[in-house]
Amino acid sequence: MAKTQTSSFSKAKPLPREFYDRDPRKVGRELLGKLLIRKAARGKLLVGRIVEVEAYLGKLDPASHSFKGPTARNEIMFGPPGFAYVYFIYGNHYCLNVSCQPPGIAGAVLFRAVQPLEGMEDMAIARHIKIARERDLRLLTSGPGRMAEAFGITRQRDNGKDFTSEKSDLIIAEPPESDYRLPRILATKRIGITKAADRRLRYVLAGNEFVSGPRKMSQ
DNA sequence: TACATGATGCCCT
DNA sequence: GGGCATCATGTAG
């Protein structure tokens with residue numbers, strides 16, 4: 001592990017708006033392997049490789065928050081693609097999504113887990129946990145609520161943020177070239193929903209340690 | 001104004 | 001594997 005003075009991720013450029021201007025199923029699959037980057041205070045970075053996402057298909061999808069049409073909470077999903085939709089759930093947790101498809105058409109991809117690559121110390125502080133061994137790293141970002149907490153995501157701070165702006169402190173970028181080869185992608189049922197529960201709209205990187213919940217095809 | 005619900009995680013068996 | 005904390009939001013009244 002070579003320690004570098006400046007992060008190899010500091011020059012990462014956000015993916016363009018067009019990337020998100022498509023069906024959430026396509027966006028979700030293609031987000032796997034990409035980097036979620038939070039530019040924190042004093043030039044510090046939090047970086048994770050996206051390993052698990054779920055697609056939500058707006059008015060075509062009873063499980064989507066936007067199924068019944070726009071409200072104050074979900075309006076971001078009805079706006080332009082590439083913006084953060086953050087919601088609070090179960091009285092405890094925030095979950096991070098990115099809006100997809102053109103204005104007027106709701107759709108989103110939920111980020112469920114990333115593999116931490118940089119800023120693990122700060123993530124551990126944000127999560128209020130200690131990392132004693134390698135396998136504890138899972139506790140940082142495996143699961144949507146954990147991941148959001150590790151990255152300091154809140155609705156107040158991040159809802160409506162533009163993932164595609166160079167000025168944004170929350171972006172998604174292509175990993176540096178040659179650094180990574182994409183594994184196989186598995187499509188499984190989504191987690192924790194009751195409506196449209198049989199649709200395989202959860203996408204995970206096969207065999208990745210940091211995927212939350214089932215890592216194989218369920219039935 | 002009241003109430004039911006939930007795209008979760010943690011702790012206890 | 002199961003129970004539960006805890007509150008923003010939507011919907012009904």
Side-chain angles (χ1 to χ4, degrees), chain A residues 20 23-25 27-29 31-32 36 48 50-79 83-101 106-116 123-133 135-161 163 172 186-204 209-216 218-219:
Chain A
Y20 305 99
D23 188 300
R25 286 167 288 199
V27 177
R29 282 178 171 274
L31 277 173
L32 293 177
L36 177 67
I50 298 165
V51 301
E52 176 184 356
V53 299
E54 285 176 0
Y56 285 87
L57 310 182
K59 293 197 166 175
L60 306 173
D61 181 5
S64 170
H65 289 173
S66 47
F67 181 60
K68 293 181 181 171
T71 66
R73 174 168 74 148
N74 67 23
E75 61 180 354
I76 299 296
M77 283 195 283
F78 287 87
F83 287 84
Y85 166 52
V86 181
Y87 65 90
F88 189 66
I89 193 72
Y90 297 123
N92 287 301
H93 310 287
Y94 290 98
C95 292
L96 176 67
N97 301 249
V98 58
S99 64
C100 300
Q101 302 183 118
V109 172
L110 167 70
F111 297 93
R112 290 194 51 91
V114 302
Q115 173 176 3
M123 293 182 196
I125 291 168
R127 293 268 299 117
H128 315 289
I129 59 174
K130 293 229 187 301
I131 303 299
R133 48 190 97 198
R135 68 164 186 266
D136 293 342
L137 287 172
R138 278 192 99 247
L139 301 175
L140 292 177
T141 54
S142 288
R146 290 171 174 173
M147 196 205 78
E149 188 172 41
F151 276 72
I153 306 283
T154 66
R155 180 166 172 91
Q156 297 73 13
R157 180 180 177 189
D158 298 302
N159 191 53
K161 209 163 258 184
F163 278 109
I172 299 163
L186 301 182
T188 79
K189 293 177 181 178
R190 293 176 291 186
I191 294 182
I193 57 168
T194 54
K195 299 159 198 154
D198 50 333
R199 305 180 75 168
R200 299 172 112 78
L201 297 176
R202 171 174 174 261
Y203 307 110
V204 308
E209 285 286 307
F210 292 88
V211 169
S212 74
R215 293 185 226 171
K216 303 190 171 172
S218 47
Q219 88 171 340

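Naming: A, B, ... by sequence-line order, numbering from 1 per chain. Note that these values count all heavy atoms, side chains included, but never hydrogens, waters or copies made by symmetry.
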query = Between A/Ile129 and A/Ala108, who's closer to the 5' end of DNA chain B by nearest nucleotide?
reply =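 Nearest-nucleotide comparison on DNA chain B picks A/Ala108.
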query = Which comes earlier along DNA chain B counting from the 5' end, the contact point of A/Glu149 or that of A/Ser66, where each point is its nearest nucleotide?
reply =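 That would be A/Ser66.
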task = Considering just the side-chain nitrogens and oxygens of A/His65, establish if one lies under 4.0 Å of OP1 or OP2 belonging to C/dT9.
result =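 Checking A/His65 against C/dT9: no side-chain N or O falls below 4.0 Å of OP1 or OP2.
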query = Phosphate oxygens OP1/OP2 of B/dC10: is one of them under 4.0 Å from a side-chain N or O of A/Arg146?
reply =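 For A/Arg146, the contact criterion (side-chain N or O under 4.0 Å from OP1 or OP2 of B/dC10) is met.
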inquiry  = Quick check with a 6.0 Å cut-off and a 45 degree axis cone: is A/Arg190 positioned over the face of A/Tyr56's six-membered ring?
reply    =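 Geometry flag: set, cation within 6.0 Å and 45°.
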Quickly work out the [X] [atom1] to [N] [atom2] distance and round it to whole Å.
X: A/Ile89; N: C/dG10; atom1: CD1; atom2: P; answer: 11 Å
X: A/Lys195; N: C/dG10; atom1: NZ; atom2: P; answer: 13 Å
X: A/Leu139; N: B/dG9; atom1: CG; atom2: C1'; answer: 11 Å
X: A/Glu52; N: B/dA7; atom1: CD; atom2: P; answer: 15 Å
X: A/Tyr94; N: B/dG9; atom1: OH; atom2: C1'; answer: 16 Å
X: A/Arg112; N: B/dG9; atom1: CZ; atom2: P; answer: 7 Å
X: A/Lys68; N: C/dT9; atom1: NZ; atom2: P; answer: 16 Å
X: A/Asn92; N: C/dC4; atom1: CG; atom2: C1'; answer: 10 Å

query = Under the salt bridge (Lys or Arg N to Asp or Glu O under 4.0 Å) criterion, do A/Arg138 and A/Glu209 qualify, and how do the steps go?
reply = CA-CA 8 Å; A/Arg138 278 192 99 247; A/Glu209 285 286 307; 5.1 Å; no
task = Show the numbers, then the answer: is there a ring pair (Phe, Tyr, Trp, His ring centres under 6.0 Å) between A/His65 and A/Tyr87?
result = CA-CA 10 Å; A/His65 289 173; A/Tyr87 65 90; 4.5 Å; yes
Between the protein and nucleotides 11-13 of chain B, list every N/O to N/O distance that falls short of 3.5 Å.
none

message = Pick the closest DNA chain C nucleotide for A/His93 and for A/Arg155 by heavy atoms, then say which residue is nearer the 5' end.
response =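 Its nucleotide being nearer the 5' end, the pick is A/His93.
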How would you label the contact of [X] with the nucleic acid (heavy atoms, under 4.0 Å): base, sugar-phosphate, or nothing?
X: A/Arg73; value: sugar-phosphate
X: A/Tyr90; value: base
X: A/Gly91; value: base

query = Less than 4.0 Å between a side-chain N and a carboxylate O, is that true for A/Arg202 and A/Glu52?
reply =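 Result for this pair is yes, salt bridge flagged.
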query = Looking only at atom types and distance, does a side-chain atom of A/Asn159 sit under 3.5 Å from a main-chain N or O of A/Arg155, one as donor and one as acceptor?
reply =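 Judged by distance alone, no pair lies under 3.5 Å.
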key: A/Val51 side chain reached by A/Thr141 side chain, heavy atoms, under 4.5 Å   =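 No, their side chains stay 4.5 Å or more apart.
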message = Would you say the rings of A/Phe83 and A/Tyr85 are close, in the sense that their centroids are separated by under 6.0 Å?
response =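 Judged by ring-centre distance (under 6.0 Å), A/Tyr85 and A/Phe83 do not meet the cut-off.
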task = Go ahead and name the base partner of B/dC3; Watson-Crick or wobble counts if both distances stay under 3.5 Å, otherwise write none.
result =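 The base-pairing partner of B/dC3, which may sit in any strand shown, is C/dG10.
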